[in-house]
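Positions are given from 1, in the same order as the sequence printed here.
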Amino acid sequence: MLRTIDLRGKELRPAQLRRVLPRGGTDVAAVVDKVAPMVHRVRHEGAAAALDYGERFDGVRPNHLRVPQAELDKAVAGLDPQVRRAIEASIARVRKVHLEQKPATRTTELAPGATVTEVFRPIERVGLYVPGGKAVYPSSVIMNAVPAQAAGAESLVVASPPQKEFGGLPHPTVLAVCQMLGVDEVWAIGGGQAIALMAYGDDDAALAPVDMITGPGNIFVTAAKRLVRGVVGTDAEAGPTEIAIIADDTANPVFVAYDLISQAEHDPMAASVLITASESLAQRVNAEVEARYSATAHADRAAAALGGEQSGIVLVDSPDVAIAVANAYAAEHLEIHTAEPGAVARQIKHAGAIFVGDFAPVPLGDYAAGSNHVLPTSGTARFSAGLSTHTFMRPVNLIEYDRAALEEIAPHVITFAEAEGLPAHGEAIRARFEEY
C-alpha cells in the first residue's frame with residue numbers, strides 16, 4: 001500500500017532531502033491565468049458576475065447571495081443535539097486558547113522621556129472562506145472565526161458555496177455554526193469568485209469589501225487569493241493536507257495506521273508519511289494500513305492518497321536522522337510516537353502543529369484540542385505559521401519623546417541623515433532647537 005523510501009546509509013543534505021521526500025502538492029501558478037479573468041470580471045461587475053460563475057461551477061444560483069437571518073435561525077433549530085454539544089465543546093476550547101494568545105501592550109523606555117510602545121490593533125473586517133466539495137467543514141468556521149473574534153475584529157463575513165441539495169444555501173451545519181458564533185453575514189458563494197467578491201465588494205448589492213481573507217480551499221481558491229493579495233491580506237496558500245509521523249519500536253502500529261488513514265480520507269492528494277528507523281514497525285504499520293483502510297466510508301479516496309507519490313514510509317538509520325528528516329519535510333501535522341515523545345518534540349524546528357504521544361492524534365486537533373487546524377502545508381512550515389489570534393492583529397509602534405530626550409539623540413540622527421544624503425531630515429531635527 002505505502003511505498004518505501006529507504007534513506008539508510010545515505011548522507012543527504014537538506015536540499016537533497018527536500019527532493020527525495022514524498023511530496024505531492026499543486027502548481028498554483030498553472031491556474032492563475034485561468035482564474036485572473038474571473039477575478040477581473042468580479043472586480044468590475046460585482047455580485048452579478050460572481051453569481052454567474054457560481055451558477056456555472058456549482059450548478060445553482062441562490063435566491064439571496066446574503067443568507068437571510070431566518071435561514072441561520074432555522075439551521076440552528078434543526079441541528080442534532082449531540083452535534084450541537086460537540087460544536088459547543090469545540091468552540092469553548094478553541095476560544096479559550098485563542099483568547100490567551102492575545103499579545104499584551106509593551107512599553108520600552110530608551111531614556112528618560114523616550115519610549116516606544118507596541119500596541120496591537122485588530123484587522124477591522126475579515127472574510128472567512130469555508131469550502132464545500134468532498135465534505136462539510138463546520139470546523140473551518142470555528143477555526144477561522146474564533147481567532148478573528150478573539151483579536152477583536154469588528155465584522156466578519158463567511159463565504160461558502162451554495163448547495164443544490166439545500167436550495168442554493170450553504171450546508172446547514174455551516175450556517176448553524178455561523179449563527180452560534182454570532183456571525184450573521186454569510187454569503188452563498190464559493191470558489192475563486194467568492195475570494196474576488198470579498199476582496200472588492202459590491203456597493204450596489206450592499207456587500208462591503210474585507211481587509212483580510214483566510215480559510216482553506218481548492219487550487220482555484222488559492223490562485224484567487226494570490227491574485228488579490230495586496231488588495232487585501234491573506235493567510236498562507238493551502239495545498240493538500242498532510243501528516244508525518246515519527247515512530248520507533250515502542251509505537252502502536254494500529255494507532256499509527258489509523259492516523260495515516262484518517263488524513264488520507266480528506267482528499268486523493270492528501271499526504272500520509274511515516275518516518276522511522278524501525279523496519280519491523282514499518283512492515284507492521286503497512287500491514288495494518290492495508291487491512292484497515294477499506295473500512296472507511298471514503299476507501300477509494302484513501303487508497304488513492306495512500307498509494308500516491310505524496311505518501312510513503314521513510315526508513316532512516318537512527319532516531320536523530322528521523323528528526324532531521326521531519327525538519328526537512330516540515331509537515332502540516334507532525335505526530336510523535338516514540339519512547340520519549342516530549343524530548344523529540346523539543347527538537348522539532350519545522351512543523352505546523354506537533355502532536356505529542358499516543359493520545360494526541362491529529363483528529364483531536366481538527367476539532368477540539370483547542371489549537372487551530374488551519375496550518376501551513378507543502379513544506380511552508382519552515383517559514384510560516386498556522387492561523388491564530390496573531391493572524392488578525394497588527395503591531396503598531398507609538399513613539400513618544402519629550403524635548404530633552406530628542407535633544408540627547410539629535411546629533412546622531414543629524415549625522416546619520418547627512419551620511420545618507422538626506423539633509424532635510426537633519427533640518428527637521430534642528431528646527432526644534434533653533435530660532436528661525
Evaluate the side-chain contact (heavy atoms from CB on, under 4.5 Å) criterion for residues D184 and R66: first the C-alpha distance (whole Å), next the side-chain angles of each, then the deciding distance (0.1 Å), finally the verdict. CA-CA 9 Å; D184 60 4; R66 179 166 176 172; 4.0 Å; yes
What pairs with T296 under side-chain hydrogen bond (donor to acceptor under 3.5 Å, both in side chains), at least two apart in sequence or on another chain?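 With neighbours one apart ignored, the set is E265.
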Between [X] and [Y], do the side chains contain an N or O donor and an N or O acceptor separated by less than 3.5 Å?
X    : Y    : answer
Q179 : D73  : yes
E332 : T241 : yes
D248 : S278 : no

So if I apply the side-chain contact (heavy atoms from CB on, under 4.5 Å) rule between D259 and each of V254, I245, L274, V285, which one comes out positive?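 Between D259 and the candidates, side-chain contact (heavy atoms from CB on, under 4.5 Å) is satisfied uniquely by I245.
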Considering all heavy atoms, the nearest [X]-[Y] contact:
X    : Y    : answer
V83  : L79  : CG1-CD1, 4.2 Å
L207 : L65  : CD1-CD2, 3.9 Å
A326 : I348 : CB-CD1, 4.3 Å

Evaluation steps, side-chain contact (heavy atoms from CB on, under 4.5 Å), between D211 and V126: CA-CA 6 Å; D211 302 310; V126 177; over 6 Å; no
Do the side chains of [X] and [Y] get close enough for a salt bridge, i.e. N-O under 4.0 angstrom?
X    : Y    : answer
E237 : R226 : yes
R125 : E185 : yes
K10  : D317 : no
R284 : E288 : no

Any [X] side-chain heavy atom under 4.5 Å of [Y] side chain:
X    : Y    : result
V119 : R121 : yes
P363 : S262 : yes
I5   : L21  : no
D58  : Q193 : yes

Give a yes or no on whether the backbone of [Y] and the side-chain of [X] come within a donor-acceptor separation of less than 3.5 Å.
X    : Y    : result
H333 : I243 : no
T389 : A150 : no
T117 : T107 : no
S311 : G307 : no
Q310 : A270 : yes
S388 : H390 : yes
E71  : P68  : no

When you look at H337 and E335, which way does the side-chain hydrogen bond (donor to acceptor under 3.5 Å, both in side chains) test go after all the steps? CA-CA 7 Å; H337 295 253; E335 287 188 1; 2.8 Å; yes
Could you please spell out the steps behind the salt bridge (Lys or Arg N to Asp or Glu O under 4.0 Å) verdict for E279 and R8? CA-CA 11 Å; E279 187 171 2; R8 291 174 297 182; 3.1 Å; yes
Does NZ or CZ of R41 come closer than 6.0 Å to the centre of the six-membered ring of Y53, within 45° of the ring's axis?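 The answer is yes, since R41 meets both limits relative to Y53.
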Compute both the distance and the angle, then confirm whether R23 meets the cation-pi test with Y329: under 6.0 Å from the six-membered ring centre, within 45 degrees of the axis.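 That pair qualifies as a cation-pi contact.
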Ring-ring centroid check F166 H171, cutoff 6.0 Å: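 Yes, the ring centres sit under 6.0 Å apart.
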